[in-house]
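For this chain, numbers begin at 1 and follow the sequence in order. Both ligands and their constituent atoms are indexed starting at 1 by order of listing.
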Amino acid sequence: MPATFAASIAASLRSALANTPFAAEIPPGFTAQVDATQNRQFGDYQSNAAMILAKALKKNPREVAAAIVGAFAAEGLCEKPEIAGPGFINFRLTTSALTTRFGALLADEARLGVALTDTPKTIVLDFSAPNVAKPMHVGHIRSTILGDGLGRIAKFLGHRVISDNHIGDWGTQFGMILWGWKHLLDEAALEADPIPELLRVYREVNARTKEDESILEACKSELVALQGGDAGNLAIWERCVELSKSGLQKIYDLLEVSFDHWYGESYYNDRLAPLVDDLLASGIAEVSEGAVCVFFRDDEKLADKPAIIRKSDGGFLYATTDLATIDFRIQELGADAIWYVVGAPQQLHFEQIFTIAKRRGQDADFRHIAFGSILGKDRKMLKTRSGDTVQLADVLAESIERARAIIEEKNPELPEEEKAAIARVIGIGSVKYAELSQFRMTDYIFDWDTMLSLKGNTAPYLINAYVRTRAIFRKLGSGFGSSSGELVLTEEAEKELLLKLAQYAEIVPTILEDFRPNALAAYLYEVATTYHQFWEACPVLKVEGDIRHTRLALCELTGRVLRHGLGLLGIGTTERM
Ligand code: ARG
């Protein structure tokens, strides 16, 4: 597959710059930006290179632009560039360049023009990571959806992605769980559906400890016994972790999210003491008031925020486990990059452990991929009507039910089984898309009506656009494979759609730059609206010959891009809805 339009134009622009009279004066680090235009009225791509250079060289921007245009040679790729406004250079692709690309994209069903990265990495992706027997809160929902989407994109770009569900299976909550298990557990309820029962027990104990000091003490002793290796408590703990995992697995199955590993915090227990010794021996950590701490005295941001890695009572902390986890991931999993998809409130924690890791000489690409909150319609943290944390399982069930009602209304004659399957795809897809179509740091409002709407930037709208690309072939009675002819782009609406589809290859590789799957979502939405305009302007089945073939090819390619792009977001499509 040849380079993208943006890359080809940028390359020609570089050669043109080298052939201008001021070539020798161009600052060494200068790179000419080429961006897609929002409006084809100003050409297909645009560069502000002349304006930036003019500033650096103290020249007139329009004159710099004229010199660049004079030296520009892009055989067959674009028309002679135009200079606009204060010195923008506008590029318009030739019809033949568009047509050639069209053929190449049609022939490239697997990658749709998207190149593999030339710097493949082994990335450990740490996401979801709920805590056993504690409510999986909205933060875990965001992490799960975002992490899964980013993992799919990284894999598609050619990285080796190792996903690890770092579940909290060894926290202080086990004191309460153990006490609750012994005094309040309803075995039958646990068998039927473990997560809600464990949650009920946890909440109940939590409430009781607040009223009764002695219960709090009893919980603490249960925890001490567990940590000391008490066989009975260990057995309960193990069963509790297993039950929780199987409950979580059901949710992940529904979401079609999977993990390569579930090491979990407890996996690192034996590594914590030697790690702390090692940090003390190397002088990175020191004893302070009986605890072991790492100070960041020369770090402006962290100067007054030491990290505790062993409490004065000998207990280890969240940070200690994370440091041991980094060792394991680098040494045993061969990670070049470790990416954590965890809410913004943990920013300090990650700054601390990344700084410690770097001091230890660990130079992986550490990233905290933070995100904001999900709000209710009242703009406060999302809660259930009774004030509890919203459970992911309940959100998914309700979304599927609501999607089902929409399909029932739209297409009542579909077979029951198909309706159920479609409802699942739309229901799950809507929850995922509501998350992924927002910039991750934005606090977004969770609103059923908006996210399940058939209009606007939503999953149902995009899936419906895909369904429409398929409907034409159903009407025709045969797939695109049986159509043949030449590709001839005649109408503006066709060219515009083709250009949009070709830009898939430009968008996808940028998503990981700042971890913005929302840019992919925004792009897919533009594909759908551009397709809609094409559809209004260009009849397909009423025309014949090469024109019909070309338009069918546009429908086919649009369908492929929508399905593939939604797939990268972890969202399925259906053939009807
Ligand atoms: N279990 C943690 C929580 O619920 C998230 C863990 C994230 N991953 C990590 N390596 N710290 O807050």
Side-chain angles (χ1 to χ4, degrees), residues 123-148 150-151 161-174 176-177 195 198-199 202 206 237 240-241 244-245 247-248 251-252 257 259-269 271-272 275 294 307-309 316-333 335 337-358 360 362 364-374 381-382 389-393 440 515:
I123 303 165
V124 170
L125 193 59
D126 181 321
F127 69 99
S128 195
N131 302 312
V132 168
K134 268 199 181 161
M136 179 157 173
H137 53 72
V138 278
H140 299 118
I141 301 182
R142 291 198 79 166
S143 172
T144 305
I145 297 172
L146 197 54
D148 177 61
L150 292 170
V161 177
I162 303 174
S163 52
D164 183 14
N165 195 4
H166 188 76
I167 54 170
D169 59 356
W170 194 254
T172 47
Q173 78 262 33
F174 281 101
M176 290 197 217
I177 295 296
I195 293 192
L198 287 172
L199 198 57
Y202 176 80
N206 199 13
W237 167 76
C240 184
V241 172
S244 282
K245 281 190 182 172
L248 287 169
I251 301 179
Y252 294 135
V257 167
F259 299 92
D260 298 307
H261 303 291
W262 292 57
Y263 286 113
E265 294 185 18
S266 67
Y267 183 76
Y268 304 94
N269 283 352
R271 299 170 185 249
L272 305 181
L275 173 76
V294 177
I308 306 176
I309 56 172
F316 300 108
L317 298 101
Y318 184 51
T320 330
T321 306
D322 258 325
L323 290 170
T325 308
I326 290 178
D327 284 355
F328 174 76
R329 288 174 175 170
I330 292 180
Q331 283 153 22
E332 287 168 58
L333 301 179
I338 309 180
W339 294 353
Y340 300 82
V341 188
V342 182
Q346 292 192 29
Q347 192 187 350
L348 173 63
H349 166 75
F350 285 108
E351 268 175 37
Q352 290 175 328
I353 66 161
F354 295 170
T355 308
I356 298 173
K358 282 177 200 146
R360 301 179 74 209
Q362 293 167 320
D365 172 30
F366 296 110
R367 301 292 180 98
H368 174 205
I369 304 172
F371 50 81
S373 314
I374 308 182
M381 286 292 269
L382 189 63
T389 349
V390 172
Q391 293 295 297
L392 180 50
R440 58 191 162 79
F515 308 106

Problem - Asp322 and His349 side chains, donor-acceptor separation under 3.5 Å - result: yes
Problem - Charged N-O contact under 4.0 Å between Glu332 and Arg271 - result: yes
Completion exercise
Sorted by chain and number, sequence neighbours left out, salt bridge (charged side-chain N to carboxylate O under 4.0 Å, His left out) with Asp365 holds for Lys121, Arg367
Problem - side chain to side chain donor-acceptor pair (under 3.5 Å) involving Ser266 - partner list, sequence neighbours excluded - result: Asp169
Practice task
Could you label the plane-to-plane angle of the Phe328 and Tyr267 rings as parallel, tilted or perpendicular, counting under 30° as parallel and over 60° as perpendicular?
Solution key: perpendicular
Practice task
Go through the structure and list residues passing salt bridge (charged side-chain N to carboxylate O under 4.0 Å, His left out) with Asp164, not counting sequence neighbours.
Solution key: Arg329
Problem - Amino acids contacting ligand 1, non-hydrogen cut-off under 4.0 Å - result: Asp126, Ala129, Asn131, His140, His166, Tyr318, Asp322, Tyr340, Val342, Gln346, Phe350
